[in-house]
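Here the structure comes first, spelled out in C-alpha cells, and everything after it is commentary.
Protein chains get the first letters and strands the later ones, always in sequence-line order, with residue 1 at the start of each.
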2 protein chains.
Amino acid sequence: MSISDRKKKILAAVVDEYIRTAEPVGSKHLAENAGLGCSSATIRNELAELVSLGYLEQPHTSAGRVPTPMGYRMYVNELMQKQKYSLEETEEINRRLNQKLQELDDTIGSISRLASQLTDYPALALTAAAPTTIRRFDLIYVDANTFIIVLMLSNNTVKSKLVHLPVSVDQPLVQRLSALFNSGFTGITEDQITPLLIHSSERAADDSMGLTAVIAAFAIETLSEVTAPMAFVSGENRLLNQPEFRDPDKAHRLMSYLSSGSYILPPAENGLPDSSEVRVLIGPENIAEELKDSSVVIASYDAGDNTRGLIGIVGPTRMDYSAVASKLRFLAANLSRRLGSGEAPPEGMHNKLIIKKSEDREE
Amino acid sequence: MSISDRKKKILAAVVDEYIRTAEPVGSKHLAENAGLGCSSATIRNELAELVSLGYLEQPHTSAGRVPTPMGYRMYVNELMQKQKYSLEETEEINRRLNQKLQELDDTIGSISRLASQLTDYPALALTAAAPTTIRRFDLIYVDANTFIIVLMLSNNTVKSKLVHLPVSVDQPLVQRLSALFNSGFTGITEDQITPLLIHSSERAADDSMGLTAVIAAFAIETLSEVTAPMAFVSGENRLLNQPEFRDPDKAHRLMSYLSSGSYILPPAENGLPDSSEVRVLIGPENIAEELKDSSVVIASYDAGDNTRGLIGIVGPTRMDYSAVASKLRFLAANLSRRLGSGEAPPEGMHNKLIIKKSEDREE
DNA sequence: TGTTGGCACTCTCGCCCTCCGAGTGCTAAT
DNA sequence: ATTAGCACTCGGAGGGCGAGAGTGCCAACA
C-alpha cells in the first residue's frame, strides 16, 4: 500500500527532526520549519493518519510523534536522501584510511576503530572464514636446538615461528623435513591434515623425535587461526553519547553484548551479502534480544582472497541512517579497492619506505 | 603520627564496609556488626576524631562516614588483610591463564582481558619499550618477483613478510642481500640503521633496484613495532557496574580516557617498578586529571628479554583493594614464571601439540 | 578518664501534589 | 480540502512534607 506524497514528506521531516533532537516532534514545529506549505492543523491530521498506519507513534497522548521501526524502514527504503561528501571530507577519510592501512597488522581492528571514529557510534568488524591452504613451506636451521618454521599461505601472507628443542637436530634432517612438508602439506586445507598423514610423514622423514608433529601442529594452528572468522568491536563507549542510553543498565547490557563478540545476523545476511550495498537492520529486525531496540547498519567489502569482510555500526533506532550509511558505503568501497580484487594484492604500498609510525588512537 | 589501635580497627571496618556497600557507614551499624566490644557512642567519638585527623569524611552532616584518599592510603598500607586464595580459585585462575597463553599472539590483550574478567573492573596492560636487535636475517627466494623476509629478533620472536616486486630479481642477488644483511644489520638497534648504512649496503650488494631499501624499511618497521610500548585496555564497560559511575557523563569521560590509550603514571612508577610488589594509586595520587577520583592498582611482571610488563586495574576509589591486589599479585607472579626468567623463554609449552582453540570471550 | 545511654537536632531522600505548557483531537468556518 | 480556534490531556518540573538515619553533646557511670 502506498501513501500520499505529502505524507511521505511529513514522515521524512519527522524522522529527520527526531534523529537530530531525540525528542518527539510536534505539528507546530513541523509547520514552521519543514517548509511544506500548510498549517499545523493539516499536519496534525496527516500525523494522526500516519499513526494509524503504523509509521509513527506517540509516547503518550499529547506528546509529539516518534517514528516506529516501520517508520524508519520506510525512511531508509524510500525517503532518505543519500548524503554526498564534500571534497574535503572525502580527502579526510582517505587520508585516515591510508594512515590506518599502513599499520598493516591488526587491519580489522583498525577498520572498526576508524568506522567508529567517523560515525561516533560503536562499530564492529567481522571477517568471514575463507578456506586457506599452505602454498610453501620453509624450515630455517638456526642451531642444533633451534629452527624457524616459515609458512607462506594461499592468501599471500607469511607466518613464522621459532622452535626450541630439548633435543638436537642436524641440518640434513631439517632439510629433509622441509622438502617433505613442501610436497605433502601444501595446497591442502586444515582438515585434510590428518593424524594419518602426519604419521606417514613422520616415518618417511625418519623422524624419531616428534619434530613432524610439532611442525604439523603449527601448520594446523596457523591455518585454523587464519581461517577462523574474526570479530572486533570498538568505541562501545560512544553509546553513552546517545540520550537513549543514559540509563547505565541499558547501556551496560548492550555494551557487554557487543564486547562479547557473538553477533547473530539475520539469516538473510548471514552469508555476508555479496553486494556492496549497505543493509540496515532496524530494531526488532535484529535477531539478538539485546539489539531489539537498536539498529545496525552493515556494509561488506571485498577483503581479497575470496573473502568478504563486514563493517557494522550499532546505534539507537534513532540513528542517523543517512550519514552512517554513506560513510559505511564509502569506507567499504575504498577497502574493496585496496584490499580486494584478484590474486596479487596491492603490496605495492607496503613496499614503500614507510618509517613514520602513526600513533593516533581514538579521540 | 600514629593512631590508636582501636582507631585503626574502626577505620578498617569503615573502609571494608564502604567497599562492600558503597554507602556511608554509620556508628550504630559499626557497633553491631564490626565486633569491636564497645557501643555506638564510643564509636561516634572515635569517628569524629578520625574525621578531624583526615582519614574519614562525611558527605554531609548526619550521613555516615566515608574514607578519604588518605584513609584508603592508610588502609592499603597497614590495615588491609592480604587475601589468600582457596585451592579452587588458584586452580581456576591457573586454568584460565593456561588457556589464554595458548592463544600465543596478542598476549598482552589476553592478559588484560583476563585481569578484567577476574576482577570485574576495567584492566589495562602495558609493555615497556625494550631495546631489541635483529639476531638473524633470512631471505627466501620464492619466484622472480617474490621473496620472503624472515627476521629473528633478540627477544626470540620471528617476524616475516612477503614482498612482491614490480621488477624481477635472480636468486644470487637475493642470496647476496641475505648475507649482507646478516653481517651488517644484526645486533644493532633501530636507530643505528641509518640512511648511510643503507646506502653503503646498497652499493655493496650491487643492488640497482632499491631492494635494499625495501628490506631495510621492513627491518626498521619491525624493530620499531617490537620496541614500541604497547597498551591495551579491556572491560571498560565494567565501570558501569559501579554505583559511582551511574552518571553516564562521568562514566563516559573515564571510559574514553581509558580507551585513548595514553596513561600517565606518576614519575615514581614511570620506569615500571622492578619489584613484583603491587602498587596502589589512590584518587588524587594519580596524575591524569581523569583519574583524580578513581584508583589504579598496578602490578608488574617479568616479560622476559629484560622487559617488564604491567597490568593495571582501574576502579572507583572505593575499590576492593584487597581482592584486586591479591589477584593482580597472583597473576603477575604467574606471568613472570611463565614468560620471564633468562635468555631462553619457555617455548616448551608452545611446542606441544595444541590443536583445540579456545573461543571464549568476555562474559 | 574513658565509656555509655539518651536526646534533640540536622540533613537527605522519597513522596505527593500542584501547576505549567506543549501538543493533541475535534468542530465550525472558509 | 484546509484552516483557525478551543477545550482537553498528560508528562515533567518544582515545592513542601514527613520519615529515617545519623550525628553531637551531655550527663551518668565504672
Is a salt bridge present between R65(A) and E57(A), judged by a nitrogen-to-oxygen distance below 4.0 Å? no
For a salt bridge (charged side-chain N to carboxylate O under 4.0 Å, His left out) check, start with the C-alpha distance between R253(B) and D247(B), then their side-chain angles and the critical distance, and finish with the verdict. CA-CA 10 Å; R253(B) 260 196 305 283; D247(B) 173 11; 5.1 Å; no
Would D120(A) and N241(A) count as having a side-chain donor-acceptor pair, cut-off 3.5 Å? yes
Which part of the nucleic acid, if any, lies within reach of T61(A) when heavy atoms closer than 4.0 Å are counted: base, sugar-phosphate only, or nothing? sugar-phosphate
Which residue, S27(A) or T42(B), contacts DNA chain C at a nucleotide closer to its 5' end, judged by nearest heavy atom? T42(B)
For S322(A) and Y75(A), which I'm curious about, is there any donor-acceptor pair between the side chains at under 3.5 Å? no
Show the numbers, then the answer: is there a side chain to side chain donor-acceptor pair (under 3.5 Å) between S234(A) and S116(A)? CA-CA 7 Å; S234(A) 45; S116(A) 172; 5.0 Å; no
Using a 4.0 Å cut-off to any heavy atom of chain B, which nucleotides of DNA chain D are the first and last in contact, reading 5' to 3'? dA21(D) to dC25(D)
Between R65(A) (CZ) and dA22(C) (P), how many Å, whole number? 17 Å
Starting the side chain at C-beta, find the nucleotide from dT24(C), dT12(C), dT4(C) nearest to Q58(A). dT24(C)
What contact category does A41(B) fall into here, base, sugar-phosphate, or nothing, at under 4.0 angstrom with non-hydrogen atoms? base
Rounded distance in Å - NZ (K7(B)) to C1' (dG2(C)): 12 Å
Counting distance alone, no hydrogens or angles: does the base of dT4(C) have a donor or acceptor under 3.5 Å from a partner atom on the side chain of S39(B)? no
From CZ (R44(B)) to CD1 (I10(B)), nearest 0.5 Å: 12.0 Å
How about Q117(A) and R238(A): does a side-chain donor come under 3.5 Å of a side-chain acceptor? no
From C-beta outward on H60(B), which listed nucleotide comes closest to its side chain: dT24(C), dT4(C), dC11(C)? dC11(C)
Give the rounded distance in Å between these two atoms: CD1 of I43(A) and P of dG25(C). 13 Å
Tell me: CG of L30(B) to P of dT4(C), nearest whole Å? 14 Å
Atom CD of E32(B) and atom C1' of dG5(C): how far apart are they, to the nearest Å? 14 Å
When you measure from the side chain of R44(A), which nucleotide among dT10(C), dT4(C), dC26(C) comes out closest? dC26(C)
